[in-house]
Novice: 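Questions regarding the structure given below will be posed in turn.
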Amino acid sequence: EAGVTQFPSHSVIEKGQTVTLRCDPISGHDNLYWYRRVMGKEIKFLLHFVKESKQDESGMPNNRFLAERTGGTYSTLKVQPAELEDSGVYFCASRLAGVADTQYFGPGTRLTVL
Amino acid sequence: AQSVTQPDIHITVSEGASLELRCNYSYGATPYLFWYVQSPGQGLQLLLKYFSGDTLVQGIKGFEAEFKRSQSSFNLRKPSVHWSDAAEYFCAVGPDSSYKLIFGSGTRLLVRP
């Protein structure tokens, strides 16, 4: 069974540009999460989808970040326009439906904003 | 406020030596507790989790962790470290696995030959 995949693995962009990160969850996982790790600090929650609906987006830093999950399959996280402080590693995780089920994480996308 | 503290940023141990990585948490109720590991180029892999019951939890790769409510700790241990254990380790808490996880800042483990 394929794990959570993320694309691209690395992205380097200029300040003010737009970047779109993609996450493909494990097949059949209704729950999808985005997290971010900035500058070697703790990994912080961004938002949680259940199927195509946003269950919790309390961690989204500002309106420059837009997450979508059309059709309840893969998800995209767009940053527009990117700022220097957006640099970090963006992780995606997916989970089955049960409360005790594990969140499985992808390898992350390393975003560098110059 | 809910938080997780991993006081050691880096730890270096010799191969074959024992290991203990510390994790302290601040949480209003009894949380679900997790340890994840990230090897270079890999995603976060779940080592073990504690929900309830026996406070000593066994995980994959020979790791175990002990939940101590009185100390608000969930330290990770391994009796004999292998070179392949070199990675970054994250402790996390949540009300359950379905909710957002709160992570510590991670401990990077280096293994000396």
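A note on names: the letters A, B, ... follow the listed sequences, proteins ahead of strands, and every chain is numbered from 1. Small disclaimer: the values here were computed from a predicted structure and weren't measured.
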Novice: Considering only heavy atoms, which portion of Arg37(A) lies under 4.5 Å from any heavy atom of chain B: side chain, backbone, both, or neither?
Specialist: side chain
Novice: So, applying ring-ring contact (aromatic ring centres under 6.0 Å, His included) with Tyr89(B), which one of Trp35(B), Phe63(B), Tyr36(B) is it?
Specialist: Phe63(B)
Novice: So that I can tick it off, tell me whether Lys44(A) and Glu42(A) are bridged by a salt bridge, with the cut-off set at under 4.0 angstrom between side-chain N and carboxylate O.
Specialist: yes
Novice: Does any backbone or side-chain atom of Gln45(B) lie under 4.5 Å from a heavy atom of chain A? Answer side chain, backbone, both or neither.
Specialist: neither
Novice: Taking side chain to side chain contact (heavy atoms under 4.5 Å, CB included) as the criterion, tell me which of Gln55(A), Gln103(A), Glu57(A) meets it with His48(A).
Specialist: Gln55(A)
Novice: Given that the side chain runs from C-beta out, which part of Ser58(A) has a heavy atom under 4.5 Å from chain B: side chain, backbone, both or neither?
Specialist: side chain
Novice: Of the backbone (N, CA, C, O) and the side chain (C-beta and beyond), which part of Gln38(B) lies under 4.5 Å from a heavy atom of chain A, both, or neither?
Specialist: side chain
Novice: Side chain to side chain contact (heavy atoms under 4.5 Å, CB included) with Asp54(B): which residues, sequence neighbours excluded?
Specialist: Leu56(B)
Novice: Establish, yes or no, whether the cationic atom of Arg95(A) lies under 6.0 Å from the six-membered ring centre of Tyr33(A) and within 45° of the ring axis.
Specialist: no
Novice: Is chain A contacted by the side chain of Leu44(B), its backbone, both, or neither, given a heavy-atom distance below 4.5 Å?
Specialist: both
